[in-house]
K.L.:
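Please see the structure below; I have some questions.
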Amino acid sequence: MRKKKKHIQTEKERLFQEDAARKRKDIAEAKRSKRIKDAWWLVGIACILIALSLGFTVWTVARMHNFETNYIAAVGTVSDYEVSHRTATSGNYSRTRYFLVISYTFEGRMYKFTDTVAYRTRPTDLIGTTTEIYVNPKNPEQTKKVTTADDPSIVSAISFPFGAVFYALGTLLLLQEKGNSLVKRLFRIHLPVFLWCVASVLLFWIGLPNDGFGAVFSRVEGAIGYTVVAGIALLTFLIDVIISKKK
């Protein structure tokens with residue numbers, strides 16, 4: 001049987017192969033650069049959302065601390081309610097909301113104020129009931145109802161999970177370039193998210209210097225949201241551990 005002649009690569013073939021290899025390398029590098037760029041975009045969006053959540057947390061803490069230290073706690077009575085009608089520009093949509101009118105006595109004088117928390121139905125069953133309020137001793141007409149419906153803390157607790165998701169995705173993309181291990185995911189993703197949630201709840205507690213830690217969850221709706229996110233972060237880590245062990 002005749003032996004096949006060994007093919008000797010020509011200069012043209014060698015240049016063609018080198019050019020093809022260079023193009024593959026350039027395409028791979030372009031994809032890598034895009035992944036890194038996308039990762040930093042995600043981290044940047046996360047930073048904005050997390051900064052937003054921190055801002056609303058600090059706002060909540062400052063407001064609550066101000067009420068706790070500079071206002072006087074008193075008891076008010078729901079005496080009536082106000083009706084608010086809002087109609088959309090098109091005129092096809094109308095929304096009715098009800099706001100409690102609360103009466104209270106301070107230094108022998110009677111005052112009234114309208115709460116900012118809206119009800120969808122007529123709160124007739126609340127008329128005659130008592131509720132805790134904060135009264136500004138320097139200006140008794142400046143009053144705030146002690147309520148769990150704390151909008152800034154809710155906004156904080158809503159914006160943070162979105163920030164946490166963007167942060168996790170961006171960090172995962174970056175870890176793929178530097179080596180993605182369970183330990184790195186723990187210290188760069190799971191633990192930071194968990195600790196941020198815990199720190200936020202503790203920050204809310206600073207706003208309640210006269211109450212125990214349990215009051216944070218009964219008085220600040222956002223604290224419940226952060227606790228849920230902390231639980232999700234812990235559960236995600238446990239799932240990550242299980243998946244990593246199976247590989």
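Side chains included, hydrogens not; waters and symmetry mates left out as well; all remaining heavy atoms used.
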K.L.:
Side chains of V117 and F99: closer than 4.5 Å at any heavy-atom pair?
P.N.:
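With C-beta onward as the side chain, the pair stays apart.
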
K.L.:
What about V43 and L49, same hydrophobic cluster or not, with Ile/Leu/Val/Met/Phe/Trp/Tyr joined at side-chain heavy-atom distances under 4.5 Å?
P.N.:
no

K.L.:
Under the ring pair (Phe, Tyr, Trp, His ring centres under 6.0 Å) rule, collect the residues that match up with W40, sequence neighbours excluded.
P.N.:
none

K.L.:
Do F113 and I102 have side chains that approach each other closer than 4.5 Å (heavy atoms only, starting at C-beta)?
P.N.:
yes

K.L.:
Going by an N to O cut-off under 4.0 Å, is there a salt bridge joining E68 and R219?
P.N.:
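R219 and E68: salt-bridged.
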
K.L.:
Taking the side chain as every heavy atom from C-beta outward, state whether L174 and R188 have any pair of such atoms under 4.5 Å apart.
P.N.:
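A side-chain contact under 4.5 Å is absent here.
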
K.L.:
Ignoring hydrogens and angles, write down the donor-acceptor pairs under 3.5 Å from the side chains of residues 196-206, residues two or more places apart or on other chains.
P.N.:
residue, atom, partner, partner atom, Å
S200, OG, W196, O, 2.9
W205, NE1, D211, O, 3.4

K.L.:
Just wondering, are more than 12 heavy atoms of other shown residues or ligands nearer than 6.0 Å to CD in E141?
P.N.:
no

K.L.:
Using a 6.0 Å cut-off, check whether atom CZ of F106 has over 12 heavy atoms from anything other than its own residue.
P.N.:
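Result for CZ/F106: enclosed.
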
K.L.:
Please examine the side chains of Y119 and L126, heavy atoms only from C-beta on, and report whether any two atoms are closer than 4.5 Å.
P.N.:
yes

K.L.:
Between the side chain of T171 and the main-chain N/O of A168, is any donor-acceptor distance below 3.5 Å?
P.N.:
no

K.L.:
What closest approach, in Å, do P152 and T60 show between heavy atoms, and which atom pair accounts for it?
P.N.:
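Smallest heavy-atom distance, with atoms named: CB-OG1, 3.2 Å.
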
K.L.:
When hydrophobic residues are tied together by side-chain contacts of less than 4.5 Å, even through go-betweens, does I243 share a cluster with L235?
P.N.:
yes

K.L.:
I'd like to know if the side chain of T143 pairs up with that of Y104 as donor and acceptor (distance under 3.5 Å, no hydrogens or angles considered).
P.N.:
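Present: a donor and an acceptor within the cut-off.
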
K.L.:
Atom CZ of residue position F213 - does it have more than 12 heavy atoms of other residues, nucleotides or ligands inside 6.0 Å?
P.N.:
yes

K.L.:
Using side-chain heavy atoms (C-beta onward) and a distance below 4.5 Å, is V135 in contact with Y111?
P.N.:
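Answer no - side chains too far apart.
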
K.L.:
Would you say the side-chain atoms of Y226 and S156 include a donor-acceptor pair closer than 3.5 Å?
P.N.:
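S156 and Y226 do have a side-chain donor-acceptor pair below 3.5 Å.
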
